[in-house]
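What follows is a short report on a single structure.
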Amino acid sequence: MTVLKTSLRNFLAHKGRMALSAIAVLLSVAFVCGTLVFTDTMNTTFDKLFQVTSSDVTVSAKGASDTGETTSDTGKPPVLPAAVVGRIERAPGVKSAEGTVFSTSVTVVDADKEKLSPTSGAPTIVGNWNTNDARTMKITTGAAPQGSGQIMVDADTAKKHHLKLGDDIGVITAVGTHQARVSGIATFTVTNPGAAIFYLDTKTAQQALVGRTGVFTNVNVTAAQGVTDARLKRDVSAALGTGYKVQTAKEVADANQQDVKSFLDVMRYAMLGFAGIAFLVGIFLIINTFSMLVAQRTREIGLMRAIGSSRRQVNRSVLIEALLLGVLGSVLGVGAGVGIAVGLMKLMGQIGMHLSTDDLTVAWTTPVAGVVLGVVVTVLAAYLPARRAGKISPMAALRDAGAPADARAGMIRAVIGLVLTGAGAASLAMAAGSDHATTGSAWLGLGIVLSLIGFVVIGPLLASGVVRVLGAIVLRVFGPVGRMAERNALRNPRRTGATGAALMIGLALVACLSVVGSSMVASATDQLDKTVGADFIVQSDNGSVITPQAVDALKSTPGLERVTEYKILPVTMTTPDGKVSKNASLNAADPSYAEDLRTKTVQGDLADAYGADSMSVYAGFAKDHGIKLGSRVGVAFKDGRTAKLTVRAITSDEVVVDKGAMYVSIATAKKYVPADKMPLDLLFFATAKEGQQDAAYKALKASLHDYPQYTVRDQTDYKQALKDQIGQLLNLIYGLLALAIIVAVLGVVNTLALSVVERTREIGLMRAIGLSRRQLRRMIRLESVVIALFGALLGLGLGMGWGATAQKLLALQGLKVLEIPWPTIITVFIASAFVGLFAALIPAFRAGRMNVLSAIATE
């Protein structure tokens with residue numbers, strides 16, 4: 001009980017210092033719990049949605065996608081003949097059966113050709129209004145569509161795009177463009193996760209999505225009373241025979257949920273990873289806090305030992321303080337985590353994914369995991385300071401506060417740090433020299449871990465040298481105040497090293513990812529410059545095929561020297577070694593594609609692969625199957641005949657564009673695939689006549705004005721799109737890393753605040769001999785700046801090393817250009833100085849407010 005009382009007294013005596021450490025625990029736990037609550041809520045939302053929207057049994061064409069995606073060759077969804085509905089209705093156990101038709105491979109535009117698709121990545125769905133949808137949506141304005149000129153839209157999409165009754169809407173599919181006017185607006189009776197949904201009447205939907213009536217994409221089957229879904233599935237399957245996909249409501253929901261689960265798992269693990277980084281940074285803050293508190297209470301602990309307290313009791317007293325800190329921070333963190341989850345839900349609502357707080361899911365495991373994690377991490381972080389406190393002898397009561405450094409322990413630490421850093425550097429070197437990405441990735445991961453730990457352990461040794469250099473460059477210009485700030489930072493290298501290490505971790509990851517991202521963009525840009533000979537690339541951003549009408553418009557554009565078609569043909573290949581490669585594909589293009597994409601070959605000439613009954617393969621495929629120039633490969637075209645094609649070229653694996661592609665000419669494909677079964681074009685390459693690039697660019701955009709589903713890009717546009725994609729990903733990662741940097745800033749604040757308390761008497765003496773308040777505040781700010789710059793220098797240097805090594809592995813995939821983003825690195829380094837200034841504001845203000853006589857009298 002005495003130990004507990006002592007711990008409580010000490011905890012309450014340092015409320016301000018503990019509060020900063022508690023905030024670090026709070027933020028880390030909040031991020032973990034917020035992530036778990038948010039992803040659990042999304043799972044609940046989608047579970048409810050899929051359960052409500054699924055009929056008892058759903059029948060679709062064999063091989064059809066559960067999400068309504070079209071086939072890559074026709075751009076139309078797989079269909080069933082309407083007669084199937086009657087056969088299903090006659091099956092035992094069936095109460096009713098209703099045919100539906102829908103597709104997600106569509107583009108919907110308003111009267112101004114502006115897309116009405118969600119910006120959140122959720123699908124755009126066009127289908128027929130049916131009984132199953134009427135269970136989840138209620139018509140709140142107007143009426144359901146009747147006739148080809150009417151269309152109904154969901155209320156969320158109507159609100160977002162300011163649609164009202166009578167507005168013109170265009171539905172663009174592989175069949176063509178269907179024009180209609182809004183006849184009604186339907187509101188979800190369940191949570192809408194962000195999809196944009198449009199309804200046509202059945203015949204119009206069939207014609208617009210498939211190109212003919214009398215077919216359905218799905219049949220929704222309702223069971224008679226007392227019939228289970230499993231039994232209904234058996235009866236319907238027996239009535240239909242093979243060739244159909246029959247699923248129960250649970251199977252459909254599970255299949256849909258699986259697609260969502262992969263996305264949610266990536267989000268969950270990424271966010272938990274960043275929470276782990278924040279925890280790691282928080283550990284340094286907690287260690288620093290308790291180390292300094294123990295050092296400040298050396299005389300007090302010595303007195304406790306002198307009057308009979310055992311080492312175990314002193315040790316236990318510090319650990320109890322850590323336990324109190326962990327419990328308080330973790331409990332508050334759990335509550336803050338729920339708030340973060342609600343905030344994320346509101347944020348998702350802003351970008352179109354509507355999540356209701358009615359579905360907020362807080363599993364019992366979430367607060368338990370948060371509290372346990374927070375408490376365990378805090379107590380473990382406090383173990384070393386507690387152990388150090390237990391070693392304080394009773395004689396310490398006769399000394400001034402602050403225990404002398406253990407030179408032998410410092411030497412051992414330096415040796416261990418050097419060994420770990422050396423091992424990390426060796427692992428990174430092994431990764432950089434690896435010939436295989438898998439092996440290299442393992443070495444890279446080991447190198448990152450060892451070098452990071454090594455830098456943390458060796459931090460005090462590095463602080464002694466680096467701070468002196470930084471002081472000479474940054475602080476000496478401030479005269480005596482700058483020199484005092486430098487000495488204060490050097491006074492306790494262990495503390496400075498730990499404080500800088502907290503900032504180092506976050507900035508190392510920022511630098512690493514910046515180097516990787518910049519190198520990827522530079523490498524891809526270099527590849528585009530070297531390989532892409534065409535001036536323009538025309539394609540759909542959602543992967544839709546290019547309709548014949550758009551092809552005609554594109555080919556009739558004035559100012560073009562050549563236009564190259566490009567298709568993907570599904571095939572089954574039989575190689576000379578007798579192996580059969582199912583689900584393979586050939587990239588069919590016009591012979592001019594050899595000029596449009598100058599793909600490097602290791603054998604033969606790519607132009608020869610576009611000859612009659614010829615093809616190319618990539619080097620890895622050739623090696624695996626013993627293929628050489630002149631080898632003949634059996635190719636069974638889907639919906640066509642089987643051909644024997646001769647290999648005329650073997651392409652390099654060290655490419656970025658069309659990596660792993662095998663080419664054949666469209667003329668050869670037409671020889672074996674009937675015209676009505678030939679896949680539509682996936683994209684087009686176009687080259688302008690000499691000196692007419694600008695005019696041709698404008699003409700292409702004008703030609704495709706009525707086809708807004710396709711985007712025309714020149715090489716500059718393509719590079720910018722690539723840069724934007726990687727930039728958006730990096731910005732997201734930087735945003736998540738900001739949490740770790742915030743915790744690191746708290747560490748700097750805490751270190752300075754405790755340092756000011758530790759030096760109270762010294763500050764009073766300096767003020768007494770003439771140091772002004774302004775000079776005192778400047779000294780503390782400069783000390784903070786040099787500590788922040790120390791952490792930034794280590795972090796950015798370490799991160800650039802990691803990034804350069806990672807680029808060596810990317811070079812194995814064809815991304816061979818290393819680019820250091822110096823503007824980003826320099827900006828982050830300079831920003832670190834401002835971080836140091838910000839962190840020092842409160843400690844400097846408090847130091848300046850000290851009463852001189854009271855400070856001198858402090859023991």
Side-chain angles (χ1 to χ4, degrees), residues 22-54 120-122 136 188-195 249-280 282 323 325-351 353-380 732 735-736 739-740 743:
I23 291 173
V25 179
L26 183 153
L27 287 174
S28 303
V29 171
F31 209 59
V32 170
C33 293
T35 299
L36 296 177
V37 171
F38 177 67
T39 51
D40 285 345
T41 300
M42 287 192 72
N43 274 321
T44 299
T45 298
F46 283 108
D47 281 342
K48 287 184 178 180
L49 178 67
F50 295 143
Q51 287 170 5
V52 172
T53 56
S54 300
S120 62
T136 57
F188 279 92
T189 57
V190 295
T191 298
N192 172 21
K250 185 178 185 307
E251 289 171 341
V252 171
D254 288 345
N256 283 307
Q257 188 66 30
Q258 194 62 37
D259 292 332
V260 176
K261 184 176 181 296
S262 58
F263 164 73
L264 291 180
D265 283 347
V266 171
M267 178 185 292
R268 179 194 294 252
Y269 294 132
M271 292 177 71
L272 289 178
F274 289 106
I277 294 169
F279 261 120
L280 183 61
L323 179 64
L325 173 67
V327 170
L328 177 64
S330 299
V331 170
L332 293 175
V334 170
V338 175
I340 287 176
V342 173
L344 286 172
M345 291 167 64
K346 298 295 184 184
L347 179 63
M348 297 299 284
Q350 293 296 316
I351 63 175
M353 182 175 285
H354 303 288
L355 300 171
S356 172
T357 51
D358 293 339
D359 295 328
L360 190 68
T361 304
V362 184
W364 68 269
T365 52
T366 297
V368 170
V371 171
V372 169
L373 190 61
V375 170
V376 168
V377 166
T378 305
V379 172
L380 287 178
L732 174 63
L736 294 172
L739 174 68
V743 176

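Both backbone and side-chain heavy atoms feed into the values below; hydrogens, waters and symmetry mates do not. Sequence positions, counted from 1, serve as the residue numbers for this chain.
- Leu325 is not listed as a side-chain neighbour of Val379, based on a closest heavy-atom distance of 4.5 Å or more.
- We find the CG-OG1 distance between Leu344 and Thr41 to be 10.0 Å, quoted to the nearest 0.5 Å.
- Nearest heavy-atom pair across Gly34 and Ala341 is O-CB, 3.7 Å.
- Side-chain contact check for Val334 versus Val371: some heavy-atom pair is nearer than 4.5 Å.
- Scored by the side chain to side chain donor-acceptor pair (under 3.5 Å) test, Thr361 finds Thr44 as partners (sequence neighbours excluded).
- In this structure, Ser330 contributes its side chain and Gly326 its backbone to a donor-acceptor pair below 3.5 Å.
- Counting heavy atoms from C-beta outward, Val25 and Val377 have side chains that stay 4.5 Å or more apart.
- Atom CG of residue Leu332 and atom CG of residue Leu26 lie 5.5 Å apart, to the nearest 0.5 angstrom.
- When side chains are defined from C-beta on, Leu373 does not count as touching Val29, because their heavy atoms never get closer than 4.5 Å.
- Looking at heavy atoms from C-beta onward, Val362 lies in side-chain contact with Pro367 at the 4.5 angstrom threshold.
- In this structure, CG in Leu323 is found 11.0 Å from CG in Leu328, a value given to the nearest 0.5 Å.
- With a 4.5 Å cut-off on side-chain heavy atoms, Leu360 and Val37 count as touching.
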